[in-house]
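First comes the structure, then the notes that go with it.
Quick note: residue numbers are just sequence positions, from 1. Every value quoted in this text rests on a predicted model; they were computed, and no experiment measured them.
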Amino acid sequence: MNTRIIISYFLIISLVTFLVYWHDKYKAKTGKWRTNEASLHLLALLGGWPGAMLARQLFRHKTQKQPFVVIFYITIVLNVSAIGLFIFRHYIDF
């Protein structure tokens, strides 16, 4: 797979995730209907976790809710593991 495509994908999904977190924070402040947590986790799992991590810190959003934080970090571990398997797949004999 082309490295440029992979990097572009992760940049785009991170940007989209960042914007979704920002919009959810805005909706939280204005009392409007929120983005459900499953959607936020799915975006992180699909590779948007860097954008989610930045948004969480920058907007102080979803940083105190323990169940959310635990699942969020699980999505990061799964993502990094999948990337590692992809990169080192030629050296691993299953």
Measure the spacing between [atom1] of [X] and [atom2] of [Y] and express it to the nearest 0.5 Å.
X   : Y   : atom1 : atom2 : answer
I71 : Q66 : CD1   : CD    : 11.0 Å
N2  : S8  : CG    : OG    : 8.5 Å
N36 : L42 : CG    : CG    : 9.5 Å
K25 : R60 : NZ    : CZ    : 9.5 Å
T75 : L43 : OG1   : CG    : 10.0 Å
I83 : L78 : CD1   : CG    : 11.0 Å

Quiz item: Is it the case that one hydrophobic cluster holds both I87 and W49, taking links as side-chain heavy atoms less than 4.5 Å apart, direct or via other members?
Solution: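 I87 and W49: one cluster.
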
Quiz item: Same cluster for F59 and V16 if Ile/Leu/Val/Met/Phe/Trp/Tyr side chains link at under 4.5 Å?
Solution: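 Unlinked, F59 and V16 end up in two clusters.
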
Verify, without hydrogens or angle tests, whether [X] (side chain) and [Y] (backbone) share a donor-acceptor contact under 3.5 angstrom.
X   : Y   : value
K27 : K32 : no
S14 : L11 : no
N79 : L45 : yes

Quiz item: Which of parallel (below 30°), tilted (30 to 60°) and perpendicular (above 60°) describes F68 and F72?
Solution: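 Geometry flag for F72 against F68: parallel rings.
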
Quiz item: side chain to side chain contact (heavy atoms under 4.5 Å, CB included) between L15 and F10: does it pass, once the steps are laid out?
Solution: CA-CA 8 Å; L15 177 61; F10 281 104; over 6 Å; no

Exercise. With the side chain counted from C-beta on, respond yes when L58 and F18 share a heavy-atom pair under 4.5 Å apart, and no when they do not.
Key: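 L58 vs F18: side chains touch.
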
Quiz prompt | Side chain to side chain, Y73 and M53, heavy atoms closer than 4.5 Å | solution =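 Y73 vs M53: side chains touch.
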
Exercise. Measure from the ring center of Y26 to the ring center of Y21 and say whether it is less than 6.0 Å.
Key: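 No: the rings miss the under 6.0 Å criterion.
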
Quiz prompt | Considering all heavy atoms, the nearest T17-A52 contact | solution =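 Where T17 meets A52 most closely, the heavy atoms are CG2-CB, 3.7 Å.
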
Quiz item: Can you name the closest pair of heavy atoms from Y9 and L46 and give their distance?
Solution: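 That would be OH-O, 2.6 Å.
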
Exercise. Begin with the C-alpha distance, continue with both residues' side-chain angles, and end with the deciding distance and a verdict on side chain to side chain contact (heavy atoms under 4.5 Å, CB included) for V69 and R56.
Key: CA-CA 10 Å; V69 172; R56 288 179 66 241; 3.4 Å; yes

Quiz item: When you look at F86 and I6, which way does the side chain to side chain contact (heavy atoms under 4.5 Å, CB included) test go after all the steps?
Solution: CA-CA 11 Å; F86 179 76; I6 294 170; 4.0 Å; yes

